[in-house]
Participant: 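The structure under discussion is supplied below as structure tokens; questions concerning it will follow.
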Amino acid sequence: MQTLTDNVLMLKVKSGDLDKLGLLYERHKKRLFGFFYNMGNNPSISEDLVQNVFVRILKYRHSFTGEGPFTAWMFSMARNVGNDHYKKISREGVSRGIAPEQVDKGTGDYLNETMDQEGNAQMLTKALGLLPSEKREILLLSKYRELKFQEIGEILGCSEGAAKVRVHRALKDLKTIFLQLETR
Amino acid sequence: MDEKFEIWAMDYMSGNLSESEAKEFEFFLEGHGEYREKYDDLLKAWELLQAIQTPEPSESMDEAFFTMLSSEMEKKEDKAPKQSVISMLSGILRPQWAIGIFLLMIGLGVGYFFRPEVEPIPTQIMAANNETEEVRQKLVLTLLDQPSANQRLQGVSEANKFENADDIVIRALLKTLNSDPNVNVRLAAIESLTNYVDKPEVRQGLVQSIPNQESPILQITLANLMVALQEKASIEPFKQLLKQKQLDTTVKKRIERSIESII
């Protein structure tokens with residue numbers, strides 16, 4: 001039971017009640033971790049990036065107006081944290097961390113259904129990884145259904161209609177890549 | 001049409017349409033096979049997206065977060081006490097100050113309202129002062145004539161209270177200095193007379209009393225006073241005093257030194 005909405009909690013954080021950030025963290029840590037992980041970062045880096053998001057939330061807490069939903073504000077922060085990270089690693093010439101599931105183990109010999117399911121999950125993650133990052137990003141933002149298209153549009157800097165079209169096309173591309181991997 | 005369909009399909013899938021709008025979309029799909037297929041593909045892709053699994057973050061992420069949060073809270077608390085002390089003080093003092101000032105104002109108001117209607121009349125004060133001086137003069141003269149040394153001492157100390165003693169009092173004090181049998185009374189008379197050393201008759205009276213003094217303490221006191229006043233007229237009486245055989249040797253030396261310093 002969430003008696004206190006995210007926005008109320010964040011406004012409390014803003015007014016100096018910092019320990020309320022702990023509740024927000026507990027509510028959103030998995031979602032944020034999933035966002036960074038599925039954007040192609042390894043678990044350790046994903047955890048660091050989640051941490052960075054909350055550091056940034058604390059730093060910029062005074063800019064939270066409470067007009068839009070907290071999740072939209074939080075994902076804007078997450079997106080900036082992610083972009084900063086990609087800029088940094090591309091500048092340093094470090095290869096992107098690859099999630100273990102994305103590594104093609106090259107077995108290709110599925111003997112039973114369980115293994116087949118695991119293979120599907122790996123293939124799906126791989127398909128996601130093969131999508132261009134902006135498409136991957138919009139799919140991950142829409143995955144949790146908490147954000148409305150208008151809010152996704154705000155995060156990405158486009159209109160609500162454009163956000164819907166982009167999600168639609170990204171889903172289509174995901175399925176195409178997945179089918180290609182499946183038929184290989 | 002494609003873009004319009006894409007938006008429409010996303011709205012339908014995410015439940016953004018009203019009941020009638022949803023039915024309209026379903027009716028459209030029934031009539032258009034190729035769009036039906038497209039929608040089915042979209043739905044499958046959405047299911048695929050939902051099927052994407054994410055591992056659980058490790059406990060070390062929680063540790064790192066809560067360590068960061070507690071250090072931020074400590075930083076904030078370090079800044080906080082100043083504010084809380086100020087706010088605490090102001091919280092305590094503000095009502096008390098208000099009450100204090102309010103009571104002070106009432107006090108001043110009441111005091112002003114009940115103030116005594118005294119218009120000081122200078123002539124009355126002067127008359128009262130003159131009257132007091134006269135009474136004190138009589139008192140001094142009476143006390144100095146008393147047989148008790150104690151009362152005569154009291155008379156001398158009363159004489160000290162005059163702002164400006166008149167000739168009668170000064171004469172009485174000089175008479176005490178020259179003829180009072182008690183050394184302490186004479187000593188007190190000298191002290192009293194030093195208040196009026198700017199009057200020539202006082203200086204003259206003091207110089208004239210030098211040969212009359214037999215007590216060493218009075219002789220030394222007068223010698224010191226004459227040095228302080230640089231009274232040259234006192235040299236002759238001191239020289240007469242030095243001729244006395246029974247003069248104390250300490251006093252003798254002292255007077256000699258005094259004569260030297262006056263010269």
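Chain naming here is simple, since letters A, B, ... match the order of the sequence lines and numbering starts at 1 in each. The structure displayed is predicted, hence computed values, not measured ones.
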Participant: How close do P55(B) and Y37(A) get, heavy atom to heavy atom, and via which atoms?
Facilitator: CD-CE2, 3.3 Å
Participant: Evaluate whether atom CD of E19(B) has more than 12 neighbouring non-hydrogen atoms of other residues, nucleotides or ligands under 6.0 angstrom away.
Facilitator: no
Participant: Q51(A) side chain to A64(B) main-chain N or O, any donor-acceptor pair under 3.5 Å?
Facilitator: yes
Participant: Report, in residue-number order, which members of residues 148-175 of chain A are under 4.5 Å from chain B by heavy-atom distance.
Facilitator: F149(A), G161(A), K164(A), V165(A), V167(A), H168(A), R169(A), L171(A), L174(A), K175(A)
Participant: More than 12 non-hydrogen atoms from neighbouring residues, nucleotides or ligands closer than 6.0 Å to NZ on K199(B), yes or no?
Facilitator: yes
Participant: Tell me if the CG atom of N150(B) is crowded by more than 12 foreign heavy atoms within 6.0 Å.
Facilitator: no
Participant: Is S44(A) in contact with chain B via its backbone, its side chain, both, or neither, using a 4.5 Å heavy-atom distance?
Facilitator: neither
Participant: Using a 4.5 angstrom heavy-atom cutoff, name the option from K44(B), E56(B), Q53(B) with the most pairs to chain A.
Facilitator: E56(B)
Participant: Atom NZ of residue position K12(A) - does it have more than 12 heavy atoms of other residues, nucleotides or ligands inside 6.0 Å?
Facilitator: no
Participant: Considering non-hydrogen atoms only, spot the tightest contact between S60(B) and E47(A) and give its length.
Facilitator: OG-OE1, 3.4 Å
Participant: Which bit of L48(B) comes within less than 4.5 Å of chain A, counting heavy atoms only: side chain, backbone, both or neither?
Facilitator: both
Participant: May I have the step-by-step check of side-chain contact (heavy atoms from CB on, under 4.5 Å) for F35(A) and T54(B), ending in yes or no?
Facilitator: CA-CA 9 Å; F35(A) 176 76; T54(B) 306; over 6 Å; no
Participant: Assess whether atom CD of E37(B) is packed by more than 12 heavy atoms of other residues, nucleotides or ligands within 6.0 Å.
Facilitator: no
Participant: By a 4.5 Å heavy-atom criterion (distance strictly below it), what part of F65(B) contacts chain A: side chain, backbone, both, or neither?
Facilitator: both
Participant: After noting the C-alpha distance and the side-chain angles of L21(A) and E72(B), does the key distance pass the side-chain contact (heavy atoms from CB on, under 4.5 Å) rule?
Facilitator: CA-CA 11 Å; L21(A) 192 72; E72(B) 284 293 322; over 6 Å; no
Participant: Checking heavy atoms, do the side chain of D48(A), its backbone, both or neither come under 4.5 Å from chain B?
Facilitator: neither
Participant: Test side-chain contact (heavy atoms from CB on, under 4.5 Å) on Y25(A) and M61(B); report intermediate values, then the result.
Facilitator: CA-CA 11 Å; Y25(A) 167 80; M61(B) 183 171 91; 3.4 Å; yes
Participant: Looking at every heavy atom in both S142(A) and L49(B), which two are closest together, and how far apart are they?
Facilitator: OG-CD2, 4.3 Å
Participant: For F178(A), is it the side chain, the backbone, both, or neither that has a heavy atom closer than 4.5 Å to a heavy atom of chain B?
Facilitator: side chain
Participant: Measuring heavy-atom distances to chain A, does S70(B) have an atom under 4.5 Å in its side chain, in its backbone, in both, or in neither?
Facilitator: neither
Participant: Taking atom CE of M73(B) and atom CG of D17(A), what is their separation to the nearest 0.5 Å?
Facilitator: 7.5 Å
Participant: Would you mind checking which part of L139(A) comes under 4.5 Å of any heavy atom in chain B, side chain (CB onward), backbone (N, CA, C, O), both or neither?
Facilitator: both
Participant: Quick check on N16(B) against chain A: is it the side chain, the backbone, both or neither that has a heavy atom closer than 4.5 Å?
Facilitator: side chain
Participant: Determine which pairs satisfy salt bridge (Lys or Arg N to Asp or Glu O under 4.0 Å) with at least one residue from residues 54-73 of chain A, sequence neighbours left out, and list them in order.
Facilitator: R56(A)-D84(A)
Participant: With a 6.0 Å cut-off (strictly less than), is the heavy-atom count around CD of E34(B), excluding the residue itself, greater than 12?
Facilitator: yes
